[in-house]
2 protein chains.
Amino acid sequence: MRQPIAQGRTQKLDSKRHASAQEILDAAATAFSERGYAATSIDDVADVLGCTKGRIYHYFRTKGDLFIGIHLQALEWALEAVGPTAERADLGPEEKLREMVHRHAMHLMNRASYMGPAQYQIEMNLASEGRNKDEQMARILKMRRQFEAYYATVVEEGIAAGAFRGTDANILVKAVLGTINWMHVWFRPGGPQDSTVERERTAAELAEFAVRGVVA
Amino acid sequence: MRQPIAQGRTQKLDSKRHASAQEILDAAATAFSERGYAATSIDDVADVLGCTKGRIYHYFRTKGDLFIGIHLQALEWALEAVGPTAERADLGPEEKLREMVHRHAMHLMNRASYMGPAQYQIEMNLASEGRNKDEQMARILKMRRQFEAYYATVVEEGIAAGAFRGTDANILVKAVLGTINWMHVWFRPGGPQDSTVERERTAAELAEFAVRGVVA
DNA sequence: CCCTATCATACTACCACGTAGGTTTTTTGG
DNA sequence: CCAAAAAACCTACGTGGTAGTATGATAGGG
């Protein structure tokens with residue numbers, strides 16, 4: 001009974017092993033984002049890789065672990081994308097929020113396969129699985145709250161400074177998050193007119209929309 | 001081989017029969033919105049009703065038909081919610097958009113169990129099923145396009161009239177839709193401080209956010 | 001009293017997760 | 001450089017759960 005990885009992401013891993021696991025995660029993220037978690041079989045993921053189930057189960061104990069691995073990776077990236085900006089002290093609320101939204105949107109487009117499944121499927125899918133994943137769930141929820149706190153903080157700062165409308169900070173945060181997160185429904189990587197500059201333009205457009213929605 | 005209902009919604013149905021089918025749809029919507037389509041078994045739906053599978057399969061041929069029935073119902077209601085407002089000629093773009101968003105948000109909260117599954121799960125779930133549902137899919141997609149067209153029209157009118165920012169109408173529409181549709185992720189009916197007035201306040205808040213996001 | 005809509009029970013077929021070993025490739029140690 | 005061990009991966013199943021069916025029971029209307 002070996003102890004697979006993918007829980008302790010920070011552990012030092014043999015780089016070969018880590019690369020193979022990452023390749024599996026990529027394939028799973030792609031498959032899940034296309035057909036959904038429950039409708040995707042492990043064999044489907046293996047087909048994407050051109051291998052068999054054996055390889056996948058060598059790295060991940062269960063299908064749920066695969067999903068959790070994708071989630072942790074996506075959230076890690078998301079926190080990296082907006083965290084540094086959120087903690088900058090040299091920006092006013094308006095510019096800080098604009099930059100955060102812009103980076104968040106770019107991250108969503110650049111890592112679409114990971115972020116798509118990550119956003120909403122978690123509660124339903126993992127709530128029904130056995131409760132032996134409570135620890136992982138707690139870690140994911142913690143990262144989620146951290147991420148949302150970045151936005152809550154800048155909105156509250158803006159309200160306190162009189163830069164943002166002083167209504168309900170909580171709903172404003174949900175509105176901003178919805179503006180961005182809804183992208184995974186309509187944005188398709190590799191679609192027509194998809195390019196780096198186009199993504200930048202889209203991100204800037206959404207950032208402008210969100211900022212205008214909250215400014216006083 | 002009887003011909004079950006739920007495809008021809010406009011047919012005259014025995015009211016008893018229709019009531020029973022509607023009850024089943026309600027239960028299925030609730031179950032799907034909680035655990036997701038694929039993770040919910042027909043027996044789960046039957047348990048919610050306190051009956052057995054027999055009753056469900058007497059009204060719906062397959063599990064997919066159940067899902068489609070929920071979808072059609074949700075879209076029908078959604079079109080009823082915003083359509084009349086979208087076609088009013090006595091409102092300027094700004095007030096029309098505000099009213100549409102408000103009604104849309106109220107609809108989402110009042111029919112949360114139907115709208116939750118309806119929003120995004122369709123492509124993944126039905127794309128993987130057999131292609132004998134193309135007709136139903138086409139009907140659903142048509143209603144979706146109709147719904148989105150309501151928003152596109154008002155946004156384009158606003159831009160043409162100089163009331164809205166004349167940037168990318170398409171992205172603005174997606175931003176507005178995201179603001180509202182994302183509610184199914186964070187709004188929980190029956191949660192703390194959930195009441196009619198609170199829902200009105202939430203809807204008004206989101207409408208204000210969306211309108212400010214697009215006005216010039 | 002019969003007939004039909006309605007629902008329950010029991011059953012089948014099948015898919016997909018996870019496992020138990022075997023086989024190949026890579027690493028290690030002498 | 002070579003055996004031996006370990007890692008990486010594959011093949012072939014066992015097993016549980018679920019969609020859908022076939023048949024039987026019941027209740028209400030004409």
Side-chain angles (χ1 to χ4, degrees), chain A residues 1-6 11-25 27-28 31-32 34-70 124-126 128-130 132-133, chain B residues 1-6 11-25 27-28 31-32 34-70 124-126 128-130 132-133:
Chain A
M1 190 185 298
R2 280 157 288 241
Q3 198 68 349
I5 68 154
Q11 290 170 11
K12 277 185 211 164
L13 298 166
D14 195 15
S15 76
K16 269 276 193 63
R17 184 176 178 83
H18 185 272
S20 188
Q22 187 71 38
E23 195 183 3
I24 293 173
L25 272 187
F32 289 163
E34 283 173 359
R35 270 170 283 185
Y37 172 74
T40 303
S41 73
I42 298 287
D43 291 291
D44 289 338
V45 178
D47 284 347
V48 174
L49 287 167
C51 68
T52 65
K53 278 198 295 206
R55 179 177 168 194
I56 297 175
Y57 278 104
H58 182 70
Y59 290 91
F60 299 90
R61 269 214 318 270
T62 70
K63 190 183 177 188
D65 284 344
L66 252 186
F67 197 77
I68 287 181
I70 293 172
M124 336 187 285
N125 292 323
L126 298 185
S128 46
E129 296 202 17
N132 47 357
K133 301 200 165 51
Chain B
M1 191 185 298
R2 281 158 287 241
Q3 199 68 351
I5 67 153
Q11 289 171 10
K12 279 185 210 164
L13 298 166
D14 193 15
S15 75
K16 269 275 195 63
R17 184 178 178 82
H18 185 273
S20 188
Q22 187 69 39
E23 196 183 3
I24 292 172
L25 272 188
F32 289 164
E34 284 174 357
R35 271 170 282 185
Y37 172 74
T40 302
S41 74
I42 298 286
D43 291 293
D44 289 338
V45 178
D47 284 347
V48 173
L49 288 167
C51 69
T52 65
K53 277 199 294 207
R55 180 177 166 193
I56 297 175
Y57 277 106
H58 181 71
Y59 291 92
F60 299 90
R61 269 213 317 272
T62 71
K63 189 184 177 186
D65 285 344
L66 253 185
F67 198 77
I68 288 182
I70 293 172
M124 336 186 286
N125 293 322
L126 297 185
S128 47
E129 297 201 18
N132 47 358
K133 300 201 165 53

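Since the structure is predicted, the reported quantities are computational estimates derived from the model, not experimental observations. To find a chain, count down the sequence lines: A is the first, B the second, and so on, and within it residues start at 1.
In terms of phosphate contacts, S20(B) brings a side-chain nitrogen or oxygen within less than 4.0 Å of OP1 or OP2 of dC7(C). The phosphate of dC9(D) has neither OP1 nor OP2 within less than 4.0 Å of any side-chain N or O from Y57(A). The phosphate of dA8(D) (OP1 or OP2) has a side-chain N or O of R17(A) nearer than 4.0 angstrom. Checking the phosphate oxygens (OP1, OP2) of dC7(C), no side-chain nitrogen or oxygen of H58(B) falls inside 4.0 Å.
If you take CG of D43(B) and C1' of dA8(C), they are 12 Å apart, rounded to a whole angstrom. Nucleotide dT6(C) holds its P atom 12 Å from the CZ atom of F60(B), rounded to whole Å. Taking atom CD1 on I56(B) and atom P on dT21(D), their separation rounds to 14 Å, with Å as the unit. With rounding to whole Å, D47(A) atom CG is found 14 Å from dC10(D) atom C1'. Between the C1' atom of dT6(C) and the CD1 atom of I24(B) lies a distance of 10 Å, rounded to the nearest Å. In this structure, F67(B) atom CZ and dA19(D) atom P are separated by 14 Å, rounded to whole Å. For the pair F32(B) CZ and dA19(D) C1', the computed distance is 12 Å after rounding to whole Å. Atom pair Y37(A):OH and dA16(C):C1' shows a separation of 12 Å (rounding to whole Å applied).
Considering all non-hydrogen atoms of both residues, A31(B) and T40(B) come closest at O-OG1, 3.5 Å. Heavy-atom minimum distance, A46(B) versus I56(B): N-CD1, 3.7 Å. The minimum heavy-atom distance between R55(A) and C51(A), with the atom names listed, is CD-SG, 3.8 Å.
Taking only side-chain atoms of I42(B), from C-beta outward, the nucleotide of dA8(D), dG18(C), dA19(D) with the closest atom is dA19(D).
The aromatic rings of F32(A) and Y37(A) sit perpendicular, their planes meeting at an angle over 60°, well past the 30° parallel limit.
The cationic group of K63(B) does not satisfy the cation-pi geometry with Y57(B), failing either the under 6.0 Å distance to the six-membered ring centre or the 45° limit from the ring axis.
Of the residues near DNA chain C, G50(B) and T40(A), the one whose nearest nucleotide (by heavy atom distance) lies more toward the 5' end is G50(B). Between D44(A) and G54(A), the one whose closest nucleotide on DNA chain C sits nearer the 5' end is D44(A).
Backbone-only engagement by S41(A) is indicated by non-hydrogen atom pairs under 4.0 Å involving sugar-phosphate atoms exclusively.
Looking at K53(B), its side chain comes within 3.5 Å of the base of dG20(D) through a donor and an acceptor atom.
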